[in-house]
Number of protein chains: 2
Amino acid sequence: MNIGEAATRSGVSAKMIRYYESIGLITPPARTAAQYRVYADDDVHTLRFVRRSRDLGFSLEETRELLALWRDKSRASADVKNLAMAHVRELEEKAAELKAMADTLRHLATHCHGDHRPDCPILADFAASAPTQAKA
Amino acid sequence: MNIGEAATRSGVSAKMIRYYESIGLITPPARTAAQYRVYADDDVHTLRFVRRSRDLGFSLEETRELLALWRDKSRASADVKNLAMAHVRELEEKAAELKAMADTLRHLATHCHGDHRPDCPILADFAASAPTQAKA
DNA sequence: CTTGACCTTCCCATCATGGGAAGGACTATA
DNA sequence: TATAGTCCTTCCCATGATGGGAAGGTCAAG
């Protein structure tokens with residue numbers, strides 16, 4: 001199949017498929033005489049794997065490791081689990097950070113009239129803020 | 001004061017201060033005869049404002065709007081509040097997305113032995129995954 | 001007058017993705 | 001068979017926010 005079909009079937013855009021090939025994440029497929037890339041069902045599987053990994057927030061480098069583990073039939077499941085759990089902690093940390101920002105901002109907004117009057121505690125807070133971490 | 005001191009006092013790196021100037025987020029400061037940038041206390045305030053805005057997850061474009069509202073003494077507080085609350089919703093959405101990824105992955109990891117054996121439900125899931133949104 | 005810490009501009013890299021141009025290949029239909 | 005339309009190819013550029021670093025000018029203290 002051509003790259004377009006592989007893209008549709010895997011959920012990875014043709015653009016990204018070429019990119020993944022260029023950085024060595026996936027192996028270059030065969031080519032027709034006219035240089036068209038030719039993919040097999042197995043390639044689509046790999047692309048779906050990558051897609052799934054990306055959807056779960058793994059970077060391309062992490063995805064590369066996961067692919068290696070996937071292909072290594074003798075890997076220890078502990079290796080995978082460790083990688084996964086480290087990632088879970090990162091995700092949860094980032095989620096908590098975003099939540100903290102939202103909470104702070106929501107709190108500030110609580111005290112803002114939100115009407116035609118100009119005074120606004122949100123901007124007041126911004127203006128009064130001290131440097132986060134400087135001038136120790 | 002020089003850019004270095006402005007950076008220390010505001011918590012914004014000198015690199016970023018120059019960048020913010022180049023994209024018109026902040027106004028170009030005066031220069032000495034030797035082309036050194038010269039900042040006043042007011043500029044440090046503005047930089048802190050930007051820093052605070054960034055720390056709360058606003059993009060530079062959003063920060064630009066906030067700065068405009070800040071400087072516009074006749075703005076309605078409702079305008080600020082709307083912007084802020086829209087941002088709160090975005091932040092919470094992103095946080096929820098990350099949390100969902102973490103939960104999914106944590107769930108998969110639960111079923112992974114995490115020992116020397118090779119079989120791993122995490123990779124199995126990745127491999128089996130259907131295209132997220134293609135081929136409707 | 002030298003040393004070292006500052007400043008200047010300019011270019012490059014990141015990460016993952018998309019846009020689009022210029023040109024070649026294939027397919028269906030008139 | 002000619003033509004149109006859709007696919008494919010490679011190549012370059014852009015994003016957003018930030019940092020790294022080079023090459024060179026400036027300033028203050030010794």
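Protein chains get the first letters and strands the later ones, always in sequence-line order, with residue 1 at the start of each.
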Interatomic spacing from [atom1] in [X] to [atom2] in [Y] - rounded to 0.5 Å:
{"X": "A:Arg9", "Y": "A:Leu47", "atom1": "CZ", "atom2": "CG", "answer": "11.0 Å"}
{"X": "B:Arg64", "Y": "B:Ser59", "atom1": "CZ", "atom2": "OG", "answer": "9.5 Å"}
{"X": "B:Ile122", "Y": "B:Arg106", "atom1": "CD1", "atom2": "CZ", "answer": "11.5 Å"}

Do the side chain of A:Arg54 and the main chain of A:Phe58 share a donor and acceptor less than 3.5 angstrom apart?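 Side chain of A:Arg54 to backbone of A:Phe58, a donor-acceptor pair under 3.5 Å: yes, one is there.
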With no hydrogens and no angle check, is any side-chain donor or acceptor of A:Arg75 less than 3.5 Å from a backbone partner on B:Pro118?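 It does hold such a pair.
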More than 12 heavy atoms of other residues, nucleotides or ligands under 6.0 Å from NE2 of B:His45: yes or no?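 Not buried by this count: 12 neighbours or fewer within 6.0 Å.
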side-chain contact (heavy atoms from CB on, under 4.5 Å) partner of A:Val88, the single match among B:Leu105, B:Thr104, B:Asp103, B:Leu108: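 Among B:Leu105, B:Thr104, B:Asp103, B:Leu108, the one meeting side-chain contact (heavy atoms from CB on, under 4.5 Å) with A:Val88 is B:Leu105.
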Heavy-atom closest contact (B:Arg71 atom, B:Thr46 atom, distance):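 That closest heavy-atom pairing would be NH1-CG2, 4.3 Å.
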Which heavy atom of A:Glu21 sits nearest a heavy atom of A:Pro28, and at what distance?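 That would be OE2-CB, 3.7 Å.
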Between [atom2] of [N] and [atom1] of [X], the distance in whole Å:
{"X": "B:Tyr36", "N": "D:dC27", "atom1": "OH", "atom2": "C1'", "answer": "6 Å"}
{"X": "B:Leu60", "N": "D:dT15", "atom1": "CG", "atom2": "P", "answer": "13 Å"}
{"X": "A:Lys15", "N": "D:dT15", "atom1": "NZ", "atom2": "P", "answer": "16 Å"}
{"X": "B:Arg51", "N": "D:dA17", "atom1": "CZ", "atom2": "C1'", "answer": "13 Å"}

The criterion is salt bridge (Lys or Arg N to Asp or Glu O under 4.0 Å); which residues satisfy it with B:Arg117, sequence neighbours excluded?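 Scan of B:Arg117 (salt bridge (Lys or Arg N to Asp or Glu O under 4.0 Å), adjacent residues dropped) gives B:Asp115.
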For B:Asp119, salt bridge (Lys or Arg N to Asp or Glu O under 4.0 Å) partners two or more places apart: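 Not a single residue meets the salt bridge (Lys or Arg N to Asp or Glu O under 4.0 Å) criterion with B:Asp119.
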In degrees, rounded to 10°, what is the bend between the two ends of the helix from C:dC1-D:dG30 to C:dA30-D:dT1, using five pairs at each?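 Axis angle across the helix from C:dC1-D:dG30 to C:dA30-D:dT1, nearest 10°: 20°.
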Quick one: on DNA chain C, does A:Ser13 or B:Gln35 contact a more 5' nucleotide (nearest heavy atom)?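 So the residue in question is B:Gln35.
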Electrostatic pair A:Glu93:A:Arg89 at N-O distance under 4.0 angstrom: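 Salt bridge absent between A:Glu93 and A:Arg89.
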Nearest-nucleotide 5' precedence on DNA chain D, B:Ser59 against B:Ala34: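 Per heavy-atom nearest nucleotide, the more 5' residue is B:Ser59.
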Counting only heavy atoms and a strict 4.0 angstrom limit, can you tell me which residues of residues 18-33 of chain B come near DNA chain D?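 The stretch gives B:Tyr19, B:Tyr20 as the residues lying under 4.0 Å from the strand, ordered by number.
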Between residues 84-102 of chain B and DNA chain D, which residues have a heavy-atom gap below 4.0 Å?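 Per residue number, the list is empty: none.
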Which of parallel (below 30°), tilted (30 to 60°) and perpendicular (above 60°) describes B:Phe126 and A:Phe49?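 Perpendicular, since the angle between the ring planes exceeds 60°.
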Report yes if a side-chain nitrogen or oxygen of B:Arg54 is closer than 4.0 Å to either non-bridging phosphate oxygen (OP1 or OP2) of D:dG16; otherwise report no.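 False: B:Arg54 side-chain N/O out of range (4.0 Å or more) of D:dG16 OP1/OP2.
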Going 5' to 3' along DNA chain C, between which two nucleotides do contacts with chain A fall, using a heavy-atom cut-off of 4.0 Å?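 First and last nucleotides in contact are C:dA16 to C:dC26.
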